[in-house]
Amino acid sequence: MDEPVLLTGAGGAVGKAILEGIGDAYEWKLMFHSPPAEEPDHEYLVGDVITAEDVESAVEGVGAVIHLAGDPRPEAPWDSVLSNNIDGTKKMYEAAVEEGVEKFVYASSNHAVGAFETDRRTPEMYRADDDFLLDGSEFPRPGNLYGVSKATGEVLGRYYHDEYGIDVCNIRIGNLTRGHPPIDYERGQAMWLSYRDCANIHACALDADYDFEIVYGISDNDRKYYSIERAKDVLGYDPQDNSAHFDGEDRVVERDA
Ligand SMILES: NC(=O)C1=CN([C@@H]2O[C@H](COP(=O)(O)OP(=O)(O)OC[C@H]3O[C@@H](n4cnc5c(N)ncnc54)[C@H](O)[C@@H]3O)[C@@H](O)[C@H]2O)C=CC1
Ligand SMILES: O=C1O[C@H](COP(=O)(O)O)[C@@H](O)[C@H](O)[C@H]1O
């Protein structure tokens, strides 16, 4: 990648995982919502993805986008996801295609398919001996309005890819935690994404050749109901971590942001 990569939501947990892991591997342009507490090592700007001028400034001169900015709360209200997630993502795509950006990596979510976790399937589907598996080819099935907004972001990508040719990779991120998987939370352990695997899958999404993809972004957990085969095959994702390698004794979940 010769041109800088725009990273929106750079100050959040996923942004930190990416910068800690692959901060030296690319030239970055970071977008923060509010001024960062410490001076970043990379070019940056402060702006809001719902403001067209901010988004146009953000994409100026970049060759690829990793779009993380938005409201990440599963319980987020409609007003917030409509503006921060749906309209913000649409504005990002508009500006990206106008700028001629080649690649757009979008932070989708497990919550885009959360309603597959029916009462009949759970908690068994969170366990290693259950064979229920989603592979990314299924239609979205959100369990909340946040999930609706993430599924809509994927569909926006489908539209901008088909209409304008921008390459799009939607990563349905599982549950990112630093250092070890969530404690006493089977669902979170089955969809754990370690910090280094998070950085790795985003590097793969920047480097690989593809047209339009939906992949799951989780570590290589023994317990998983999301397939990572597509991410391995198309992106070359090579996860290093597995939630089954942690016993969880005396550990607490740490979250950034
Ligand atoms: N952390 C996780 O386990 C998962 C995260 N995701 C997605 O990954 C992305 C990043 O999530 P996290 O880093 O965990 O959240 P976070 O809340 O730590 O980071 C999000 C960042 O986006 C910024 N932001 C929010 N609204 C904005 C706006 N209108 N304009 C500009 N910046 C704005 C915030 O200031 C924050 O720095 C989100 O889109 C979320 O939906 C998806 C699945 C799992
Ligand atoms: O999309 C997201 O998913 C993770 C995992 O969901 P949870 O409901 O099991 O916590 C969530 O932690 C994160 O905030 C959200 O953005």
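When a ligand or atom number is given, it counts from 1 through the structure's own listing order.
Applying the 4.0 Å criterion to heavy atoms of P72 picks out, from ligand 2, the atoms 13 (C), 14 (O), 15 (C), 16 (O). Contact atoms of ligand 1 toward N175: 3 (O) (distance under 4.0 Å to a heavy atom of the residue). The Y146 neighbourhood of ligand 2 comprises atoms 1 (O), 2 (C), 15 (C), 16 (O), with distances under 4.0 Å to a heavy atom of that residue. Atoms of ligand 1 found under 4.0 Å from any heavy atom of G12, numbered from 1 in the order shown, are 13 (O), 16 (P), 18 (O), 19 (O), 37 (O). Those atoms of ligand 2 that come under 4.0 Å of a heavy atom in G174, given as number and element, are 3 (O), 4 (C), 5 (C). Close contacts between ligand 1 and N84 involve ligand atoms 26 (N), 28 (C), 29 (N) [criterion: under 4.0 Å to a heavy atom]. Proximity to G70 (heavy-atom distance under 4.0 Å) selects the following atoms of ligand 1: 20 (C), 22 (O), 24 (N), 25 (C), 26 (N).
Ring geometry for W28 versus H42: interplanar angle over 60°, hence perpendicular rather than tilted (30 to 60°).
Residue contact check for ligand 1: K150 places a non-hydrogen atom closer than 4.0 Å to it. Taking a 4.0 Å cut-off on heavy atoms, F32 fails to register as neighbouring ligand 1. Using a non-hydrogen distance threshold of 4.0 Å, G174 registers as a contact of ligand 1. Not a single heavy atom of S34 sits closer than 4.0 Å to an atom of ligand 1.
In this structure, Y106 is not a member of the same hydrophobic cluster as I66, with clusters built from ILVMFWY side-chain heavy atoms closer than 4.5 Å.
Checked against a 3.5 angstrom limit, the closest N/O atoms of R73 and ligand 2 fall outside it. Backbone and side-chain nitrogen or oxygen atoms of G15 are examined, and none is located within less than 3.5 angstrom of a nitrogen or oxygen of ligand 1. Remark: ligand 1 and G11 share no N or O pair separated by less than 3.5 Å (distance only, no angle test). Between M191 and ligand 2, no pair of N/O atoms sits closer than 3.5 Å. Between L68 and ligand 1, at least one pair of N/O atoms sits closer than 3.5 Å. Between D48 and ligand 1, a contact under 3.5 Å exists for at least one N or O pair.
Here the side chain of K150 pairs a donor or acceptor atom with the backbone of A107 at under 3.5 angstrom. In terms of modelled atom types and a separation under 3.5 Å, the side chain of R230 and the main chain of D135 share no donor-acceptor contact. Judged by distance alone, with hydrogens and angles left aside, the side-chain atoms of N85 form a donor-acceptor pair with the main-chain N or O of D71 at under 3.5 Å.
Nearest heavy-atom pair, D197 versus Q240, reported as atom, atom and distance to 0.1 Å: OD1-N, 2.7 Å. Contact between S194 and D241 at its shortest, heavy atoms only, is OG-OD2, 2.6 Å.
Nearest to atom 3 (O) of ligand 2 by heavy-atom distance, out of D71, L68, N110, is N110. When P72, G9, S108 are ranked by how near their heavy atoms come to atom 42 (C) of ligand 1, first place goes to S108.
With a 4.0 Å cut-off on non-hydrogen atoms, K150 does not touch ligand 2 at all.
In this structure, the ring of F246 has its center less than 6.0 angstrom from the ring center of W192.
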Residue pair Y160, V168: steps toward the side chain to side chain contact (heavy atoms under 4.5 Å, CB included) verdict: CA-CA 9 Å; Y160 282 97; V168 173; 5.7 Å; no

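Counting heavy atoms of neighbouring residues, nucleotides and ligands inside a 6.0 Å radius, atom CZ of R127 exceeds 12 of them.
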